[in-house]
Number of protein chains: 4
Amino acid sequence: MRIGVLTAGGDCPGLNAVIRSVVHRAITGYGDEVIGFEDGFKGLLDGHYRPLDLNAVSGILARGGTILGSARLERARLREAAENCGELQRQYGIDVLIPIGGEGTLTASRMLSDAGMPVVGVPKTIDNDISATDRTFGFDTAVTVATEAIDRLKTTAESHQRVMVVEVMGRHAGWIALESGMAGGAHGICLPERPFQVEDLVKMVEERFDRGKKFAVICVAEGAHPAEGSMDYRKGEIDQFGHERFQGIGNRLAAELEHRLGKEAKPVILGHVQRGGVPTAYDRVLATRFGWHAVEAAHHGDFGRMTSLRGTDVVMVPLADAVTQLKKVPTDRMNEAESVF
Amino acid sequence: MRIGVLTAGGDCPGLNAVIRSVVHRAITGYGDEVIGFEDGFKGLLDGHYRPLDLNAVSGILARGGTILGSARLERARLREAAENCGELQRQYGIDVLIPIGGEGTLTASRMLSDAGMPVVGVPKTIDNDISATDRTFGFDTAVTVATEAIDRLKTTAESHQRVMVVEVMGRHAGWIALESGMAGGAHGICLPERPFQVEDLVKMVEERFDRGKKFAVICVAEGAHPAEGSMDYRKGEIDQFGHERFQGIGNRLAAELEHRLGKEAKPVILGHVQRGGVPTAYDRVLATRFGWHAVEAAHHGDFGRMTSLRGTDVVMVPLADAVTQLKKVPTDRMNEAESVF
Amino acid sequence: MRIGVLTAGGDCPGLNAVIRSVVHRAITGYGDEVIGFEDGFKGLLDGHYRPLDLNAVSGILARGGTILGSARLERARLREAAENCGELQRQYGIDVLIPIGGEGTLTASRMLSDAGMPVVGVPKTIDNDISATDRTFGFDTAVTVATEAIDRLKTTAESHQRVMVVEVMGRHAGWIALESGMAGGAHGICLPERPFQVEDLVKMVEERFDRGKKFAVICVAEGAHPAEGSMDYRKGEIDQFGHERFQGIGNRLAAELEHRLGKEAKPVILGHVQRGGVPTAYDRVLATRFGWHAVEAAHHGDFGRMTSLRGTDVVMVPLADAVTQLKKVPTDRMNEAESVF
Amino acid sequence: MRIGVLTAGGDCPGLNAVIRSVVHRAITGYGDEVIGFEDGFKGLLDGHYRPLDLNAVSGILARGGTILGSARLERARLREAAENCGELQRQYGIDVLIPIGGEGTLTASRMLSDAGMPVVGVPKTIDNDISATDRTFGFDTAVTVATEAIDRLKTTAESHQRVMVVEVMGRHAGWIALESGMAGGAHGICLPERPFQVEDLVKMVEERFDRGKKFAVICVAEGAHPAEGSMDYRKGEIDQFGHERFQGIGNRLAAELEHRLGKEAKPVILGHVQRGGVPTAYDRVLATRFGWHAVEAAHHGDFGRMTSLRGTDVVMVPLADAVTQLKKVPTDRMNEAESVF
């Protein structure tokens, strides 16, 4: 069998572990050939690829990033790929394509699959917001990095009687904020799933200071936003350089809390450190299992599906399931955390 | 409600996170009182306990060990506890006892529960071998520590053309060896669940050297053992100082490989570093959820049960389920790893 | 002897290690008494202090922050302290005061010393910019945190063909940027000591892309600034919320590079994570040695001086030396790094 | 100029950082050519080498091990190298040889230098026992790994009322034990430089238990040994498999303490994890500076010397100075630590 593999979308610790696992299983398990397309679907369309043998994936298990690169592709060119997918398949002589990517990539994969390409997908998102799988690799690393930051900020906040607002990733789903907030013992957690009343946060901090706990750490997802009327905040505000990011919720909330509390409140925007670098052991194991099962599915002709963690098992689910609904933090999970506002 | 909590058995990162979570949920959620027994069931029998308020659990979320201590108790005294459990309950005025512990502790908890004590258990084992739950806290930390060690050893092995044998914990189940071996990319993994042929390991190393990969890392669970006739190894061999540990499988296997290969083979016995210290973010979240649900169960009168992770949910399962069968690594999971011998 | 100790100024990993070391050496070495003033000089003036025995410093060696707290004090009140220092000394019955702090604290300490108070100072700054000592504790931790961030960002930058601008601490001296930039292998380093030509950075990135290295990481100290005429940047620009920080050099430089290069350039502002949390082993050792020598100096009547690392030795130097001149990165050190612009 | 570089001796985090730095400085600073000999002096004698350009050292700054490999060479073959060094130099067309290694390597380098080879050495030892330099790279990483282990063991020891004996590296000099013991807050430290009385350790532990501190952590260098008559211990005892290591001082001391105290005492032998893997930021900076200065020295014709850290400066010192005397822990430094026995 000849297998094509590609990585698309944003960075995610564990991508290389999947690639390595696909290559290992395919070559040592089945004597397959594997080729890797460069820069995602772009390499598929433009004919940029290279053979992947055991040496090509040596030493990459714990490395961040992706040895195959990743780049955005316009929708029009994706349609082009779908229309010519029979020809593309012949051109490269591949029996199956294994795209590793997030929601956008899986949607594109479904398009190719519907157009006749034999596809086995591997889901990827540090946000953990794909509903068809219990967890995705990359998420544990992101939570770990964010938790380490909260651990560090807590001692500073405590020693200096200060409020710290940590902004973590999560545009549409608050999983990283929820779990790093719980793991770091944040006193307040704000999620995209539940608009917060800034007044409640103010009250919480004041009560802490009254009780002699003269500091607070608030963990806020980048996609969190105040309830209407609670605070002046226009999401996506553009600064003089045309950048939206300078007025993210973390900076804005810290400024607002400082103003209302009359106490120092400092923002820390973690940003891209959450999505790069060495994956945690958890993510390496999950990524390796996903790669292994993708090759198995390819050999079973189990196309149009993707790998998924269900409990302790890796199973195959329809690609369609991945993209119909975002997995948001349910109310039950918010309740467990207690400090979600 | 008045809640008694205790920790028993070996050390396990996350114990303090459970204690903190029980106290937080009980006090802020229900206005309960909480007392903590010292040194496990010993404190319950000997009347050593202290009240646990919010201040008592401040700052312990990320701390290793257990603020309540833990000590072994003879079976006879446990029976004594079971026989007097009505009186003990009255003596401390507790409405429920929340023991946090491993197989032995849960068995004892079941004895108390059968004898009429209202008990809600929280399972604990770094070995991940309790069958009634998908995962236990502490396991992720142990795997993380072991993986970091393998990462470090690999570069040394490679630079010096050497075989490294890493012995990790796991007396009866090989989960730590399996997952740290996969995450670290060990070339050989030996588990208690499958007796290994030392000759197969020898062959694997020789083939690697022939292919120009002049090093190998082998990850072996402390409970792994050679297939009969494969290698001279008497488990539990006693040295001149009366210590069994000096002839563990890690040391023994390294010596055997060195002898058979005619190449340097060094053992590294990780030991207790795997079971102490700061828990990973994953373990802190799981431990916090277990504590929260234990208090919920107590208020729902859901006694004789323990917390359990099922997929992404924490549910309550009968204490009996915890202790009937050890969760061993199944063949499916060994196959995924490929390097299990 | 009765020793008073206090911590003042910004957070710095290792403060607790100094406090612990002072208490250990004083009590077990000399049978002294130690009291700790709370929130820096404020506690000294307001009479907030507590006795510090061995139990009070148990378990704090590796903890971030300071168990004594720290707060800013207006200059007027410091003068008040200096004027009444004889009375303050009598009031608390202390034979020596050991203030642990940065430039401001050491200046204040010198004022007290000049006014007759027996003072032994311990220098503290994560910026490493005190000229009277080879190194200060806290610096190694800051460099370590920044380096870990650069390590993580590099893989993302590489996989996504992107420029990353990491802003690290260092308002007046660029030591953190220099060493984390070197340790992380940053392709460009910008320091307060040398105004940079943005055009040179643009050229470096373009040459990298031409050579097929389609990414770059630039490490910039918060106090770095462009050479005149090189780029529009008004330091200290105030945004609509009255906050200067939103237009720091990291954000501004990323925007400028994105504009000039026509390539994605993302800023990451590390902020306070660099100055909190568990100190590195190096910082714990240095802090412990400083504390030990401060007590020795106190018993030798070596007042008006502070601890200082010279080569491998800890020696005592006049407080005056600490505050006369900022230790800036010399040209020699910039040359070694090669990537300083 | 044409530069030959090689690494010899045991593994040491930072070797790759030196190689990278030599190549960077030589090529971008001077337009030199660099070749790397494989497996140390063996490659020099057997003609195994490869050109090292910028691509060859891309991505290795933070990687453990050495891309050039390292192997032991018999003394006879080293003499052979010295006798033929003029011819070897002509054969490879090198203007200078930069060997990176420990005491043995530096001695060999001096032989070559005395025989007429232009040599610039770079000292390397995780043990920090080379007297001609304040510090060596690799040492900080070893201390960091050992300190993390002690941090983890402490919580377990405390929760379980147990004595832990951690054996760290250091055959002839106790620097790693001293600094990791101080950084980890070990209650006892045993160094090769001072034979210990086991009775003193027993007393210390008993006093701790009496004071209610029912645990202790003892950090012992592998080369530490009891004072005569204090405890039965024959260094280098051989077990039935011909391995000396099974009866190291860590295991032996734990057994002895368990016997004398009647309390559980567990040994942990850290072993090779201390000398592999990702170097700390400190070690990467020092290694990079050493590499840079080695190339400078080569261009200044500063042969027969090696790089050395003196205070904050890197200077060149005669190779002879490196090998005349081992740098042992002086009494002053032991006193600072207080817990040295």
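Chain A is the first sequence line, chain B the second, and so forth, proteins listed ahead of strands; every chain is numbered from 1.
By number of non-hydrogen pairs under 4.5 angstrom with chain B, the leading residue of E158(A), R211(A), R310(A), R135(A) is R135(A). Of the listed residues H24(B), H293(B), R20(B), the one with more heavy-atom pairs under 4.5 angstrom with chain A than any other is H293(B). Of the listed residues (E296(B), E148(B), K213(B), K154(B)), the one with the most heavy-atom contacts under 4.5 Å to chain A is K213(B). With chain A as partner, the option from D151(B), V143(B), N55(B) having the largest number of non-hydrogen pairs under 4.5 angstrom is D151(B).
For T280(B), no part lies under 4.5 angstrom from a heavy atom of chain A. Interface remark: T28(B) contributes side-chain atoms only to the contact with chain A (heavy atom separation under 4.5 Å). With a 4.5 angstrom heavy-atom cutoff, N335(B) touches chain A via backbone and side-chain atoms both. Both the backbone and the side chain of R25(B) come within contact range of chain A, each with at least one heavy atom under 4.5 Å from a heavy atom of that chain. No part of D332(B) comes within reach of chain A, as not one of its non-hydrogen atoms sits under 4.5 angstrom from that chain. Using a 4.5 Å cut-off between heavy atoms, D140(B) touches chain A through its side chain atoms alone.
Nearest heavy atoms, T147(B) versus A281(A): OG1-CB, 3.5 Å. Across every non-hydrogen atom of A183(A) and L61(B), the tightest pair is O-CD2, 3.3 Å.
Taken to the nearest 0.5 Å, the CE atom of M182(A) stands 9.5 Å off from the CH2 atom of W292(B).
The one candidate from E179(A), E336(A), E338(A) that meets the salt bridge (charged side-chain N to carboxylate O under 4.0 Å, His left out) condition with R289(B) is E336(A).
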